[in-house]
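For reference, the structure is listed below as structure tokens.
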Amino acid sequence: MSKKILIVDDLHPTFKEEAIKLGFEVDDEPQITRAETLAKIKDYVGIAVRTKFRIDAEIFEAANQLKFIARAGAGLDNIDVKLAGEKGIKLINAPEGNCDAVGEHAVGLLLSLMNNFRRADMEIRNGIWDREGNRGYELKGKKVGIVGYGHMGQSFAQKLAGFGVDVMAYDKYKTGFSDKFAREVSMEEIVKHSDVLSLHIPLTTETKQMVDDEYFYHFKKPIFFINTARGEIVNTQAVLKYIKEGKILGAGLDVLEAEKFPNLSGQTWYRELSENQKVILTPHVGGWTFDSYRKISEVLVEKLKSL
Ligand SMILES: O=C(O)C(=O)COP(=O)(O)O
């Protein structure tokens with residue numbers, strides 16, 4: 001039986017090098033299309049992916065030798081996890097490789113919002129010197145609400161140590177997880193006390209559009225809102241509405257409901273979002289740093305060894 005792995009996305013070369021040492025034959029084809037993958041996947045026991053295309057029934061149909069999927073990253077929303085399980089195909093991912101990047105990015109977005117970095121920078125470039133309009137807020141003494149306390153949520157909490165904040169975390173699927181970085185609370189407490197809301201949950205059928213008008217409505221205090229998870233979890237129109245009403249003081253979004261151009265520019269909310277001074281946008285790079293590029297592959301190889 002062949003022991004071949006097909007890499008269909010851009011992975012650090014260490015993955016290929018180490019997989020070869022484990023006895024695999026590895027085809028590294030980051031430019032491969034979905035159609036080309038479908039045509040040749042039958043020869044492979046493993047596929048290494050990021051988020052270029054969906055790993056779904058059609059792929060599984062064509063991949064009759066497939067034993068494992070190696071997701072070079074955290075999110076599994078582009079993989080039909082249930083079907084993979086039914087077919088006995090193992091799944092490994094590498095949130096440990098990019099959680100530091102995400103945690104730091106979330107802190108960066110938050111500090112940028114609280115200190116008006118975007119607005120201030122733009123103004124000075126346009127000849128405006130406005131100190132009063134750019135007065136910021138301090139993190140110290142604030143209550144930070146984390147929704148989802150997996151690798152990403154924990155990393156964000158860790159990075160906040162030292163800012164003198166009260167870090168509260170809620171996770172629908174976990175209890176008893178209070179640690180020195182965050183204390184476990186109910187969702188009601190997050191809603192009641194948070195000055196900051198940061199999402200660290202996966203995109204699933206359950207979480208799709210979960211953070212909508214109604215969700216924000218219940219928050220008692222004005223919040224800074226951070227999303228480094230998945231854009232489809234959040235209703236962007238609701239974010240814009242609450243920014244207008246002052247309930248959201250600023251939104252730092254690394255992920256959007258629709259991503260990449262031209263898809264993005266076709267969205268009704270795109271113009272309003274991109275012109276809003278209280279919004280900071282980054283192109284889904286929270287987990288994608290020069291450092292995480294390598295770490296993700298290292299983690300994945302370790303997991304490959306114990307498959
Ligand atoms: O690891 C994740 O979940 C990410 O969002 C990174 O996505 P990517 O693999 O860079 O397309």
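For ligands, and for the atoms within them, numbers begin at 1 and follow the listed sequence.
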Using a strict cut-off of 4.0 Å, indicate which atoms of ligand 1 neighbour a heavy atom of [X].
{"X": "Arg230", "value": "2 (C), 3 (O), 4 (C), 5 (O)"}
{"X": "His284", "value": "4 (C), 5 (O), 6 (C), 7 (O)"}
{"X": "Gly75", "value": "1 (O), 2 (C), 3 (O)"}

- [ ] Just let me know how Asp9 lines up against ligand 1, side chain, backbone, both or neither, with a heavy-atom cut-off below 4.0 Å.
- [x] neither

TODO: Cation-pi check, Lys247 to Tyr217: give yes when NZ or CZ is under 6.0 Å from the six-membered ring centre and within 45° of the ring axis, no otherwise.
DONE: yes

TODO: Please write down residue, atom name and distance for the protein heavy atom closest to atom 1 (O) of ligand 1.
DONE: Ala74 N, 2.6 Å

TODO: Report the nearest protein non-hydrogen atom to atom 10 (O) of ligand 1: residue, atom name, distance rounded to 0.1 Å.
DONE: Arg50 NH2, 2.9 Å

Open item on the list: Set out, in order, the CA-CA distance, both residues' side-chain angles and the distance that settles ring-ring contact (aromatic ring centres under 6.0 Å, His included) for Phe216 and Phe225, then state yes or no.
Closed with: CA-CA 10 Å; Phe216 286 122; Phe225 174 60; 5.1 Å; yes

Task: Tyr215 vs Asn235, side-chain hydrogen bond (donor to acceptor under 3.5 Å, both in side chains): CA-CA, chis, key distance, verdict - done: CA-CA 10 Å; Tyr215 191 96; Asn235 183 294; over 6 Å; no

More than 12 foreign heavy atoms under 6.0 Å from [atom1] of [X]: is that the case here?
{"X": "Lys278", "atom1": "NZ", "answer": "no"}
{"X": "Glu138", "atom1": "CD", "answer": "no"}
{"X": "Glu86", "atom1": "CD", "answer": "yes"}

Open item on the list: Would Gly73 count as being in polar contact with ligand 1, using the rule that some N or O on each side must be under 3.5 angstrom apart?
Closed with: no

Task: Any N/O pair Thr51/ligand 1 closer than 3.5 Å - done: yes

- [ ] Evaluate the criterion salt bridge (Lys or Arg N to Asp or Glu O under 4.0 Å) for residue pair Glu123 and Arg119; output intermediate values, then yes/no.
- [x] CA-CA 6 Å; Glu123 284 182 359; Arg119 170 180 164 170; 2.7 Å; yes

Task: Arg71 near ligand 1 by a heavy-atom separation under 4.0 Å - done: yes

